[in-house]
Enquirer: 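Sending over a structure as C-alpha cells; questions will come in a sec.
What's counted below: heavy atoms across the whole structure, side chains too, no hydrogens, waters or symmetry copies.
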Amino acid sequence: MYKVAKEFSFDMAHLLDGHDGKCQNLHGHTYKLQVIVTGDTYQEGAKKGMVIDFTDLKQAVNEIILQPMDHAFIYDQTSERECKIAALLTELNSKTFALPYRTTAENLARFMFARLTQYTALKITCIRLWETPTSFAEYEAD
C-alpha cells in the first residue's frame, strides 16, 4: 500500500468566540494543508504506476476546499458574535464561509477530511492542517 501527499497553502481569517486568549480577536493565518491518499498503483492505462495523478488531487482540493475557503472569513454559525461579523462582511462584499461549529484547527481538519471524502472518490486517509509553521492538527480515517 502506498501513501502519497500533496500540500497546499491558503489564507483565512477567523476568531474563536469565547476563547480565553488572544484568538478571541479577529485574525488570520496562512494555512498549509496536506492531503494524504493511500492505495495501490494503477496497473495499466495512462496512470500506470500511480496511486493518483497529483493534478487530479490538486483539482479536487482546489474545487472543494480552496475556492470556497481561501481568503474568506470562516465562522461558527452557532456564534451570534461571529454571525454578526459575517453579516457585515457579506454586506461589504467580502467572502465568508460558515461552519456549524468552532473554527479550530482540529475542527477544520475534520471538516476538510469529511468534505473531500463526501465529494470525491479519493481514498483520503489523513488531513494535516498547519495553522502556523509550527502547529498543526491531524485528522485520520478510522
Enquirer: Can you tell me if T117 uses its side chain to pair, donor with acceptor, with the backbone of F113 under 3.5 Å?
Expert: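 The answer is yes, because a donor-acceptor pair under 3.5 Å joins these two groups.
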Enquirer: Could you walk me through whether L89 and E91 pass the side-chain contact (heavy atoms from CB on, under 4.5 Å) test, one step at a time?
Expert: CA-CA 5 Å; L89 289 170; E91 183 181 321; over 6 Å; no
Enquirer: Counting only N and O atoms by type, is there a donor-acceptor contact under 3.5 Å from the side chain of Q24 to the main-chain atoms of G18?
Expert: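 No; judged by distance alone, with no hydrogens or angles, the pair does not exist.
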Enquirer: Where do L99 and N107 land on the side-chain contact (heavy atoms from CB on, under 4.5 Å) test, with the steps shown first?
Expert: CA-CA 9 Å; L99 293 174; N107 284 340; 6.0 Å; no
Enquirer: CD/E82 to OG1/T96 distance, rounded to the nearest 0.5 angstrom?
Expert: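 E82 CD to T96 OG1: 12.0 Å, rounded to 0.5 Å.
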Enquirer: Is there a donor-acceptor contact under 3.5 Å from the side chain of H14 to the main chain of I74?
Expert: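 No, H14 side chain to I74 backbone: no donor-acceptor pair under 3.5 Å.
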Enquirer: Donor-acceptor pair, H27 side chain versus N25 backbone, under 3.5 Å?
Expert: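 Checking the backbone N and O of N25 against the side chain of H27, a donor-acceptor pair under 3.5 Å is found.
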Enquirer: Please determine whether the number of non-hydrogen atoms from other residues, nucleotides or ligands lying under 6.0 Å from atom OH of Y119 exceeds 12.
Expert: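 Atom OH in Y119 is not crowded, with 12 or fewer foreign heavy atoms closer than 6.0 Å.
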Enquirer: Can you pull the salt bridge (charged side-chain N to carboxylate O under 4.0 Å, His left out) pairs that have at least one residue in residues 34-43, sequence neighbours excluded?
Expert: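 Matches after skipping sequence neighbours: none remain.
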Enquirer: Is there a donor-acceptor pair closer than 3.5 Å between any side-chain N or O of K32 and the backbone N or O of E131?
Expert: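 Such a contact is absent between K32 side chain and E131 backbone.
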Enquirer: For residues 3-13, dump all side-chain donor-acceptor pairs below 3.5 Å to protein atoms at least two apart in sequence or in another chain.
Expert:
unit_1 : atom_1 : unit_2 : atom_2 : d
E7     : OE2    : Q34    : NE2    : 3.0
D11    : OD1    : T30    : OG1    : 2.5

Enquirer: When you measure from the side chain of T120 to the backbone N and O of L116, does any donor-acceptor pair fall under 3.5 Å?
Expert: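 Between the backbone of L116 and the side chain of T120 there is a qualifying donor-acceptor contact (under 3.5 Å).
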Enquirer: Would you list the pairs meeting salt bridge (charged side-chain N to carboxylate O under 4.0 Å, His left out) in which at least one residue belongs to residues 101-111, sequence neighbours left out?
Expert: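 Passing the test, one end in residues 101-111: no pairs.
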Enquirer: Can you tell if the side chain of V35 reaches within under 4.5 Å of the side chain of L57, non-hydrogen atoms only?
Expert: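 Side chain of V35 against side chain of L57, heavy atoms only: contact under 4.5 Å found.
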Enquirer: Sorted by first residue and then second, give each salt bridge (charged side-chain N to carboxylate O under 4.0 Å, His left out) pair with at least one member in residues 49-69; sequence neighbours left out.
Expert: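 Counting only pairs at least two positions apart or across chains, the salt bridge (charged side-chain N to carboxylate O under 4.0 Å, His left out) contacts touching residues 49-69 are K47-D56.
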Enquirer: Could you work out, with side-chain contact (heavy atoms from CB on, under 4.5 Å) as the rule, every residue matching Q77, not counting sequence neighbours?
Expert: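 Testing Q77 for side-chain contact (heavy atoms from CB on, under 4.5 Å), a comparison that skips the adjacent residues, returns Y75, C83, A98, P100.
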Enquirer: Determine which pairs satisfy ring pair (Phe, Tyr, Trp, His ring centres under 6.0 Å) with at least one residue from residues 77-97, sequence neighbours left out, and list them in order.
Expert: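 Residue pairs passing ring pair (Phe, Tyr, Trp, His ring centres under 6.0 Å), neighbours aside: F97-F111.
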